[in-house]
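Keep in mind that what you see is a predicted model, and the values were worked out from it rather than measured.
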Amino acid sequence: MTAIPYNWNNSKRISFGEVRRQLETASLFGQKEVLTFIRGNTKRIRPEIDSDWLYDIHAGYFLSCIANHAAFDYDNDDDKIDSPFDAAYGLVGIFNWYAAREDNELQIRNRVDVIEHAYKTADPEHQNIIETGFLEHVLEYKANRPRFAHWNDDKTLAAAYAECLKWGEAHTKD
């Protein structure tokens, strides 16, 4: 069963309210389908999608994929949901997209805080996924390093931050 209503495929305009409601009631599988649809049809959705909302909904989906990965059989469901490491790397992409669009560092810091909370409340396996799938790669970009530098001052985050920063500096991108 598809999470995309039939009429969306044939409509010139799609209500943002409908899209939002569909995402709010969708399973993780359905969320991926709707998010993929959004990416391919942003110009058809009205009113225009707010970048804060889009970031938050994508980040929530990716963090859910990481947190709930044990519940899925990726051999059979791999086309329906992102694997934990794919989700973590997808979070890098959406974070970089958002940070490039947003000129308000407080808004960006709020998004960093969500990832920080996810890391602090995760078990070691999930922390590793966030470290190696997200933090190492987001720190490859110099502009992102100050956004996560406060992790170095937190005893729960400092060791992970130091190791991920080494990776990021060794693989610096523009």
Side-chain angles (χ1 to χ4, degrees), residues 1-9 14-102 104 107-141 144 147-148 151 160 164:
M1 186 168 130
T2 181
I4 306 299
Y6 176 77
N7 66 320
W8 287 9
N9 292 316
I14 302 159
S15 162
F16 171 69
E18 280 185 57
V19 171
R20 190 184 74 245
R21 283 188 296 278
Q22 193 70 12
L23 273 167
E24 289 170 355
T25 61
S27 67
L28 212 48
F29 300 114
Q31 288 177 32
K32 179 178 182 176
E33 191 175 5
V34 174
L35 289 169
T36 300
F37 181 88
I38 290 170
R39 284 191 300 272
N41 295 280
T42 54
K43 294 187 186 313
R44 294 173 49 206
I45 300 170
R46 292 288 175 255
E48 186 175 327
I49 295 175
D50 176 73
S51 63
D52 289 335
W53 178 86
L54 187 58
Y55 174 84
D56 290 342
I57 203 75
H58 264 93
Y61 164 76
F62 288 136
L63 290 169
S64 292
C65 288
I66 294 167
N68 297 306
H69 80 277
F72 299 102
D73 176 5
Y74 290 97
D75 292 333
N76 294 318
D77 295 333
D78 62 350
D79 64 330
K80 297 177 184 169
I81 187 172
D82 288 283
S83 73
F85 286 101
D86 287 343
Y89 196 70
L91 190 57
V92 173
I94 196 75
F95 183 86
N96 287 336
W97 168 82
Y98 183 79
R101 294 176 54 100
E102 182 59 56
N104 184 337
Q107 290 295 92
I108 295 169
R109 174 63 189 259
N110 290 339
R111 275 58 188 189
V112 170
D113 289 347
V114 169
I115 296 163
E116 180 178 324
H117 177 75
Y119 183 87
K120 283 183 167 182
T121 59
D123 62 29
E125 180 183 7
H126 293 99
Q127 287 177 338
N128 179 57
I129 293 167
I130 293 169
E131 289 171 25
T132 60
F134 173 76
L135 192 58
E136 286 180 348
H137 299 289
V138 83
L139 293 177
E140 292 173 356
Y141 298 88
N144 289 334
R147 295 172 173 143
F148 290 87
W151 284 34
C164 293

For this session: Compare all side-chain heavy atoms of Leu23 with those of Ile38 and state whether any distance is below 4.5 angstrom.
Result: yes
Problem set entry | Pair Glu18-Trp8, side-chain donor/acceptor within less than 3.5 Å | yes
Exercise. If you look at every heavy atom in Ala87 and Ile66, which pair is closest and at what distance?
Worked result: CB-CG1, 4.0 Å
Problem set entry | Beyond-backbone contact of Ile14 with Asn7, side-chain heavy atoms, under 4.5 angstrom | no
For this session: Give the minimum heavy-atom separation between Tyr141 and Asn96, together with the two atoms involved.
Result: CE1-ND2, 3.3 Å
For this session: Kindly compute the distance separating CD1 (Ile130) from CD1 (Ile115), expressed to the nearest 0.5 Å.
Result: 8.5 Å
Exercise. Is there side-chain contact between Trp151 and Val112, with heavy atoms separated by less than 4.5 Å?
Worked result: yes
Seminar exercise, completed: Here the pair of heavy atoms bringing Leu63 nearest to Leu91 is CD2-CD2, 3.8 Å
Exercise. How many angstroms lie between atom SG of Cys164 and atom CZ of Phe148, to the nearest 0.5 angstrom?
Worked result: 10.0 Å
Exercise. Is the Tyr89 ring parallel, tilted or perpendicular to the His137 ring (thresholds 30°, 60°)?
Worked result: perpendicular
For this session: Could you go through the side chain to side chain contact (heavy atoms under 4.5 Å, CB included) check for Tyr61 and Asp82 one step at a time?
Result: CA-CA 9 Å; Tyr61 164 76; Asp82 288 283; 2.7 Å; yes
Problem set entry | Non-hydrogen atoms of Ala160 and Leu135 that approach each other most closely | O-CD2, 4.4 Å
Problem set entry | Gap between atom CZ of Arg44 and atom OG1 of Thr42 - 0.5 Å precision | 10.5 Å
For this session: May I ask you to check whether Phe95 and Phe62 place their ring centres under 6.0 Å from each other?
Result: no
Seminar exercise, completed: All heavy atoms of Val92 vs all of Gly133, minimum pair found to be CG2-O, 3.7 Å
Exercise. Knowing that exactly one of His117, Arg109, Arg111 qualifies, which makes a side-chain hydrogen bond (donor to acceptor under 3.5 Å, both in side chains) with Asp113?
Worked result: Arg109
For this session: State, to 0.1 Å, how close Ser51 and Arg101 come at their nearest heavy-atom pair, and which atoms those are.
Result: CB-NE, 3.7 Å
For this session: Answer whether the closest heavy-atom distance between the side chains of Glu131 and Tyr119 falls below 4.5 Å.
Result: yes
For this session: With rounding to the nearest 0.5 Å, note down the distance linking CG in Asn9 to CG in Asn41.
Result: 8.0 Å
Seminar exercise, completed: Rounded to the nearest 0.5 Å, the CD1 atom of Ile57 sits from the CD atom of Gln31 at a distance of 6.0 Å
Exercise. Counting heavy atoms not belonging to Glu24, are there more than 12 under 6.0 Å from its CD?
Worked result: yes
For this session: May I ask you to decide if Leu54's main-chain N or O and His58's side chain share a donor-acceptor pair within less than 3.5 Å?
Result: yes
Seminar exercise, completed: Between the CG atom in Asp50 and the CZ atom in Arg20, the distance rounded to the nearest 0.5 Å is 11.5 Å
For this session: Name the orientation class of the two ring planes belonging to Trp53 and Phe16 (parallel below 30°, tilted from 30 to 60°, perpendicular beyond 60°).
Result: perpendicular
Problem set entry | Backbone N/O of Ala3 and side chain of Glu33: donor-acceptor pair under 3.5 Å | yes
